[in-house]
Amino acid sequence: MNQTYPLIKGNWLPKNKAHIAAWIKDLKTRTHLTSNSIAQPIIDFKELVENDPTLLRLSQDMFSEAKSHKELTPLETPEVNDFDEFLVLLNHIMTQAPECTEFLDPKTGALEPCGLIGFPINALLDWPMATDSGYAFFANELVNQQFKKILTYWSLYLSSPASRSVLIENHPDRTPKVFGWLSDNAQKEMVTVACQAEASDSENYNKPFEHFFNCDPTDQHYGFKSWDDFFTRTFKDGVRPIAEGDDIIANACESAPLQVVTNVAKSSNFWLKGQPYSLENMMAFDPLAEQFVGGTVYQAFLSALSYHRWNSPVSGTVKKTYMVNGSYYLGNRYQGFSNPDGADDSAPNNSQPFLTAVATRAVIFIESDNPNIGLMCFIAIGMAEVSSCAVTVEEGQHIDKGDELGMFHFGGSTHCLIFKPDVELEFDFHNTAPGLDATNIPVCSRIATVKSK
């Protein structure tokens, strides 16, 4: 049977936190061996914190508070010592793309694939962001404005030809071991993830990478111009058929269902433990939010190794699109160390409903051609550094079901489909149960059927 990398939900970070600690140790070694000049946005960030007494105290306290929980860490010590060391490591990340890695377990001697550190900055902040001081620090608007500048700076590298070195370079002497994303094992893993979404043990598992994705296998980089170009790769025509029927809602992203919530309120205390949806916060107080009060929200999350573009769930006309700037490393407070079940697993998985109201996101309203659907809303929500939401449709444009709406650059995240209260839906979860352990449903396949009024 095909095996997948033992990663946490969404495949963004290894499940075994010792793997993360080993990666950070390797990052520290490589950082100390180089003398990269400090990127200007990081210099500006450092000055912002140092010149604000409150931010300076929080930046210090979140690391000291993390150390007080050292018994929870795999190596009994937080991987990053303090804010100054974090900035040094952050600066090194600005000139590297995520790598495909394997980890030699020192206890068993077994070689375990751990995939990519898809949230490298989040990996550095895993423990401090789960503290009370970390919550206050990452809720600060100035901090988020500066992080946006840092991530924009990094995106220039991830979109450059230099970033595609991780597609072909192997470093078996490092710990964890590093292999190119176009190596045989990595290609098989991406094919496995694509096939698992199909929920079958078909012969597709044995087909090559180029059977699924548009690429040029005669080129050493398979025709990909950058890391971002590789990560936003597209399926070949016919690989993901579009569900037919005016009453059929198509899956907007290759994603795993998180939950369906009905009778959603206009305003809710989304920051509390239950994380209820709050329409006016999700839609940034847009007047159109009023039309969805009492309606239905479907939320699903994307995997790191999957397809990262958004496709229209219906045929219709784009009525409105806009971006909402938000937070990057703010998780729900009840998923931090105050959570009796333990802090959120290295990425804000358990905070996904909360993120719909606070994270950077793209909002697209579509007036369906089917009057039984009417106006619906698609929201793409960034998680951590995966927050570059690019909308590729325009207001007034007519789109067919399955047409591209936009994409997450450098990976995927979470998204919502929102329907008005008079729209009755019967969901099809393709033999998976909604929740953090759900498996992917193919993009463009049927996700729900609209009942006639």
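Just so you know, these numbers use all the heavy atoms, side chains as well, and skip hydrogens, waters and symmetry mates.
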Participant: Should Glu65 and Asp132 count as side-chain neighbours, where that means a heavy-atom distance under 4.5 Å?
Facilitator: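 They are in side-chain contact.
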Participant: Between Phe45 and Phe137, what is the ring plane arrangement, given parallel below 30°, perpendicular above 60°, and tilted in between?
Facilitator: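 Because their plane-to-plane angle lies in the 30° to 60° range, the rings of Phe45 and Phe137 count as tilted.
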Participant: Around atom NZ of Lys207, are there more than 12 heavy atoms from other residues, nucleotides or ligands closer than 6.0 Å?
Facilitator: yes
Participant: What orientation do Tyr329 and Phe147 show, parallel under 30°, tilted 30 to 60°, or perpendicular over 60°?
Facilitator: tilted
Participant: Taking the side chain from Ser226 and the backbone from Pro161, do they hold a donor-acceptor pair closer than 3.5 Å?
Facilitator: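 Between the backbone of Pro161 and the side chain of Ser226 there is no qualifying donor-acceptor contact (under 3.5 Å).
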Participant: Please determine which of Asn440, Ile441, Thr439 meets the side chain to side chain contact (heavy atoms under 4.5 Å, CB included) test together with His430.
Facilitator: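 The single option meeting the side chain to side chain contact (heavy atoms under 4.5 Å, CB included) with His430 is Ile441.
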Participant: State, without any angle test, whether Glu198 and Asn204 hold a side-chain donor-acceptor pair at a distance under 3.5 Å.
Facilitator: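 Yes - a donor-acceptor pair under 3.5 Å links their side chains.
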Participant: Determine whether the aromatic ring centres of residues Phe408 and Trp310 are separated by less than 6.0 angstrom.
Facilitator: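 Ring-ring flag for Trp310/Phe408: true, centres closer than 6.0 Å.
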Participant: Measure the OG1-CZ distance between Thr296 and Phe419 for me, rounded to the nearest 0.5 Å.
Facilitator: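 Between atom OG1 of Thr296 and atom CZ of Phe419 there are 8.0 Å.
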Participant: State whether the number of non-hydrogen atoms from other residues, nucleotides or ligands found under 6.0 Å of Lys236 atom NZ is greater than 12.
Facilitator: yes
Participant: Check this for me, if you would: do Lys320 and Glu395 make a salt bridge, where the nitrogen-to-carboxylate-oxygen distance has to be below 4.0 angstrom?
Facilitator: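 Not counted as a salt bridge, because no side-chain N and carboxylate O are separated by less than 4.0 Å.
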Participant: When you compare the side chains of Asn214 and Thr234, does any donor N or O come within less than 3.5 Å of an acceptor on the partner?
Facilitator: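 There is such a pair between these side chains.
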Participant: When you check the gap from the basic side-chain N to the acidic O, do Arg164 and Asp229 get nearer than 4.0 Å?
Facilitator: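 Asp229 and Arg164: not salt-bridged.
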Participant: Is any side-chain heavy atom of Leu302 closer than 4.5 Å to one of Thr414?
Facilitator: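 Contact flag for Thr414/Leu302 side chains = no.
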Participant: Is it the case that Tyr298 and Gln259 place a side-chain donor and acceptor less than 3.5 Å from each other?
Facilitator: no
Participant: Hey, what do you get for CZ (Phe138) to OG (Ser327), rounding to the nearest 0.5 Å?
Facilitator: 10.5 Å
Participant: How long is the straight-line distance from CZ of Arg233 back to CH2 of Trp181, given to the nearest 0.5 Å?
Facilitator: 8.5 Å
Participant: Please check if the side chain of Ser268 supplies one atom and the backbone of Ser278 the other of a donor-acceptor pair under 3.5 Å.
Facilitator: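 Side chain of Ser268 to backbone of Ser278, a donor-acceptor pair under 3.5 Å: no, none is there.
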Participant: Before we go on, tell me: are the rings of Trp154 and Tyr157 under 6.0 Å apart, centre to centre?
Facilitator: no
Participant: Is it the case that more than 12 heavy atoms not belonging to Asp246 sit under 6.0 Å from its CG atom?
Facilitator: no
Participant: Should Glu254 and Arg240 count as an ion pair when the cut-off is N to O under 4.0 Å?
Facilitator: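 Result for this pair is yes, salt bridge flagged.
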Participant: State, yes or no, whether a side-chain contact exists between Val443 and Phe235 at a heavy-atom distance under 4.5 Å.
Facilitator: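 With C-beta onward as the side chain, the pair touches.
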Participant: Would you call the rings of Phe83 and Phe86 parallel, tilted or perpendicular, taking 30° and 60° as the class edges?
Facilitator: tilted
Participant: Check whether any side-chain heavy atom of Ile373 lies under 4.5 Å from a side-chain heavy atom of Ile249, and answer yes or no.
Facilitator: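 Contact flag for Ile373/Ile249 side chains = yes.
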Participant: If only side-chain N and O atoms count, and only distance matters, is there a donor-acceptor pair under 3.5 Å linking Glu367 with Thr317?
Facilitator: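 Their side chains do not contain a donor-acceptor pair, so the 3.5 Å distance test is not met.
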Participant: Once the angle between the rings of Phe365 and Phe292 is folded into 0 to 90°, is it parallel (under 30°), tilted (30 to 60°) or perpendicular (over 60°)?
Facilitator: tilted
Participant: Please examine the side chains of Tyr328 and Lys148, heavy atoms only from C-beta on, and report whether any two atoms are closer than 4.5 Å.
Facilitator: yes
Participant: Would you say Asp247 and Asn372 make side-chain contact, with heavy atoms under 4.5 Å?
Facilitator: no
Participant: When you compare the side chains of Glu47 and Asn51, does any donor N or O come within less than 3.5 Å of an acceptor on the partner?
Facilitator: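 There is no such pair (donor and acceptor under 3.5 Å, judged by atom type) between the side chains of Glu47 and Asn51.
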Participant: Can you tell me if Thr356 and Gln299 form a side-chain donor-acceptor pair at under 3.5 Å?
Facilitator: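 Per modelled atom types, Thr356 and Gln299 side chains form no pair under 3.5 Å.
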Participant: I would like to know whether Glu426 and Thr449 meet side-chain hydrogen bond (donor to acceptor under 3.5 Å, both in side chains); could you show each step before the answer?
Facilitator: CA-CA 5 Å; Glu426 181 179 324; Thr449 302; 5.9 Å; no
Participant: Counting N and O atoms only, with roles assigned by atom type, does the side chain of Gln397 sit under 3.5 Å from a partner on the main chain of Glu394, one being a donor and the other an acceptor?
Facilitator: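 Pair found, side chain donor or acceptor close to backbone of Glu394.
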Participant: Could you tell me whether the side chain of Val393 reaches within less than 4.5 Å of the side chain of Ile366, counting heavy atoms only?
Facilitator: no
